[in-house]
Amino acid sequence: MRINICIDDKDGQEYKTIVIGKYVLFAENYNYEFEDNISSFQCENLNSSEDKKQFGRYYTHQAAEKLAPKGWRLPTVDD
């Protein structure tokens with residue numbers, strides 16, 4: 001198992017990645033701050049920056065597709 005780091009070009013946050021078979025996946029939850037109160041939201045009990053880093057944010061499927069870091073995409077059913 002090989003673990004690497006991906007740096008998001010939008011905000012410079014670093015994410016661990018893992019290679020499983022032919023796929024490279026994020027090993028951490030995505031935490032890009034995109035607040036339009038519709039597409040992404042944060043649970044009220046996850047307020048600290050440490051909580052957000054550990055648990056990430058929640059996005060609608062459409063927002064997640066749009067916000068994926070450059071060169072990344074959401075997995076499909078075929079994956």
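- Between the NZ atom of K70 and the CG atom of D9 there is a distance of 6.5 Å, given to the nearest 0.5 Å.
- In this structure, NZ in K66 is found 13.5 Å from NE2 in H61, a value given to the nearest 0.5 Å.
- Sorted by first and then second residue, the side chain to side chain donor-acceptor pair (under 3.5 Å) pairs with a member in residues 15-30 read D8-Y30, K10-Y30; sequence neighbours excluded.
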Exercise. Given I20 and L25, is the side chain to side chain contact (heavy atoms under 4.5 Å, CB included) satisfied, shown in steps?
Worked result: CA-CA 7 Å; I20 300 176; L25 307 169; 3.9 Å; yes
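- Minimum interatomic distance between A63 and Y59 (heavy atoms only, all atoms of both residues): CB-CB, 4.2 Å.
- In terms of heavy atoms, D11 sits closest to N31 at OD2-O, 4.4 Å.
- Between Y32 and P69, every side-chain heavy-atom pair lies at or beyond the 4.5 Å cut-off.
- When all heavy atoms of L74 and A64 are compared, the pair lying nearest together is CD1-CB, 3.8 Å.
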